[in-house]
Amino acid sequence: MNIESFEHLRVVAGDINIHAVIGGSGSPLVLIHGFPQTWWEWRHMMPQLAKRHTVVAVDLRGAGHSEKPQGGYDKHSMASDVHAVMTTLGFTKYAVCGHDIGAMTALALALTQRDAVTHLAVLDASQPGWSRWVQNSHEQKVWHFAFHMKRDLPELLIQGREREYVSAFIYDRAFDHGAHSVDEIDTFARALAQPGNLRGGLEWYRAFPRDHENALVWKEERLSIPVLALGGEHSYGSLIVPMLEEFASNVRGGSVSGCGHWLPEEQPDEVATQVMQLLSA
């Protein structure tokens, strides 16, 4: 999987190696993917963003070509991985954009590295620490929270059926079913089937209780940086804005029309435009 003019790197981040893809020029922006995906979910947006910015797309620990350690899947630790990647690459200040689990990691990064993160974009994800976190976790649209948090059982049921699971998981939460080709579903399924990746991705969910406790402390001091909060019209929609206003004082955004959960792939042009407008603030 390659994008013209982008380079693949293996970056030492603390005690593990993180896979990153870098390209473009200008102020730095790091992109953080969600479940069950990899850096490849940003494939449509990266060339556009690279016209104005140095773009770094990472594979989170437990995903893609990054390492899969036994622990460290709480969002604070994963945010520390991303910060280590950016500082190792020479970026002391940078913007961050995350989707799904990556959006949780992005917010944790902004809240814990306040001297480094200049702008934050959050795409269609509920957030640990949100006042409706527990209530939302029991709603049908996030049924997978409880399933993925269950110890051992998801691995037993999904292993060997990664393609079926990824296909159902993505199409169930998409509005535009043409946004993911069969080949792209296969790409994400193959990545999830690599040794350690299924367990790693599920551990992101098993860390939620700790993530929630951490975020309740962090939100006591709200962010002052510019924040963009976008939700798919057929997913979180405009609810994403008041959610992020619990964590930050300078939030704009809203609903992206004609879109389900997968904003970077269902509406990449619209999302890239709004992210670039955020970074010009």
Side-chain angles (χ1 to χ4, degrees), residues 8-21 30-42 56-89 91 94 96-117 120 122 125-129 133 137 144-155 158-159 162 188 191-219 247:
H8 290 259
L9 303 173
R10 186 170 295 275
V11 183
V12 177
D15 58 353
I16 69 169
N17 291 320
I18 295 292
H19 172 241
V21 182
V30 60
L31 304 175
I32 313 176
H33 68 89
F35 183 91
Q37 300 184 292
T38 66
W39 75 273
W40 188 242
E41 80 158 274
W42 304 104
V56 180
V58 298
D59 281 336
L60 288 169
R61 69 164 63 198
H65 297 295
S66 291
E67 287 192 83
K68 296 87 177 161
Q70 289 299 308
Y73 293 96
D74 62 282
K75 306 309 163 290
H76 187 186
S77 295
M78 296 205 296
S80 296
D81 293 342
V82 177
H83 180 65
V85 168
M86 296 304 283
T87 55
T88 299
L89 293 176
F91 304 121
Y94 53 87
V96 57
C97 174
H99 170 242
D100 188 80
I101 294 288
M104 300 178 190
T105 305
L107 179 57
L109 179 56
L111 289 166
T112 57
Q113 300 291 343
R114 295 174 186 249
D115 292 336
V117 176
L120 169 66
V122 169
S126 58
Q127 291 289 347
W133 171 255
S137 296
H144 60 284
F145 279 19
F147 176 55
H148 289 175
M149 291 172 70
K150 181 71 176 175
R151 181 64 60 186
D152 299 329
L153 181 61
E155 287 94 332
I158 298 171
Q159 191 169 16
E162 288 86 358
F188 293 126
L192 190 65
Q194 293 300 307
N197 278 354
L198 176 58
R199 179 188 60 83
L202 295 170
E203 290 294 333
W204 301 342
Y205 293 84
R206 292 168 183 154
F208 278 177
R210 181 176 177 184
D211 296 333
H212 186 56
E213 291 177 3
N214 284 340
L216 289 173
V217 175
W218 297 334
K219 71 185 290 190
F247 300 89

Which value, rounded to the nearest 0.5 Å, describes the distance between [X] atom [atom1] and [Y] atom [atom2]?
| X | Y | atom1 | atom2 | result |
| --- | --- | --- | --- | --- |
| Thr105 | Asp74 | OG1 | CG | 9.5 Å |
| Asn17 | Arg10 | CG | CZ | 5.5 Å |
| His65 | Asn197 | NE2 | CG | 9.0 Å |
| Thr87 | Gln113 | OG1 | CD | 8.5 Å |
| Ile158 | Leu192 | CD1 | CG | 7.0 Å |
| Asp100 | Gln37 | CG | CD | 7.5 Å |

Which atom pair, heavy atoms only, marks the closest approach of [X] to [Y]?
| X | Y | answer |
| --- | --- | --- |
| Ala215 | Gly129 | CB-CA, 3.7 Å |
| Ala79 | Leu109 | O-CD1, 3.4 Å |
| Ala110 | Arg114 | O-CG, 3.4 Å |
| Ala191 | Thr38 | CB-CG2, 3.7 Å |
| Cys97 | Trp42 | SG-CH2, 3.9 Å |
| Ala125 | Ala103 | CB-CB, 3.7 Å |

Are the charged groups of Glu213 and Arg210 less than 4.0 angstrom apart, N to O?
no
Lys68 and Glu203 ion-paired at < 4.0 Å
no
side-chain contact (heavy atoms from CB on, under 4.5 Å) between Ile18 and Asp59: does it pass, once the steps are laid out?
CA-CA 7 Å; Ile18 295 292; Asp59 281 336; 5.5 Å; no
Under a 4.5 Å cut-off applied to non-hydrogen side-chain atoms, are [X] and [Y] in contact?
| X | Y | result |
| --- | --- | --- |
| Asp81 | Ile16 | yes |
| Val122 | Gln127 | yes |
| Leu9 | Val21 | no |
| Thr88 | Val12 | no |
| Asn214 | Lys75 | no |
| Met104 | Phe208 | yes |
| Trp39 | Val58 | no |
| Leu89 | Val56 | yes |

For a side-chain contact (heavy atoms from CB on, under 4.5 Å) check, start with the C-alpha distance between Val30 and His83, then their side-chain angles and the critical distance, and finish with the verdict.
CA-CA 9 Å; Val30 60; His83 180 65; over 6 Å; no
Stepwise side-chain contact (heavy atoms from CB on, under 4.5 Å) test for Phe35 and His144:
CA-CA 11 Å; Phe35 183 91; His144 60 284; 5.6 Å; no
Taking [Y]'s backbone N and O only, do any of them form a donor-acceptor pair with [X]'s side chain (distance below 3.5 Å, no angle check)?
| X | Y | answer |
| --- | --- | --- |
| Ser66 | Gly62 | no |
| His33 | Glu41 | no |
| Ser80 | His76 | yes |
| Arg206 | Lys150 | yes |

Show the numbers, then the answer: is there a ring pair (Phe, Tyr, Trp, His ring centres under 6.0 Å) between Phe147 and Tyr205?
CA-CA 9 Å; Phe147 176 55; Tyr205 293 84; 9.8 Å; no
Are there over 12 heavy-atom neighbours, none belonging to Gln159, within less than 6.0 Å of that residue's CD?
no
Around Arg199, counting heavy atoms of other residues, nucleotides and ligands shown, do more than 12 lie under 6.0 Å from its CZ?
yes
Using only heavy-atom distances, determine whether the side chains of His8 and His19 contain a donor-acceptor pair under 3.5 Å.
yes
Taking the six-membered ring for Trp, are the ring centroids of Trp218 and Phe247 within less than 6.0 Å of each other?
no
side-chain contact (heavy atoms from CB on, under 4.5 Å), that's the test. Do Leu107 and Leu120 meet it? Break it down for me.
CA-CA 7 Å; Leu107 179 57; Leu120 169 66; 3.8 Å; yes
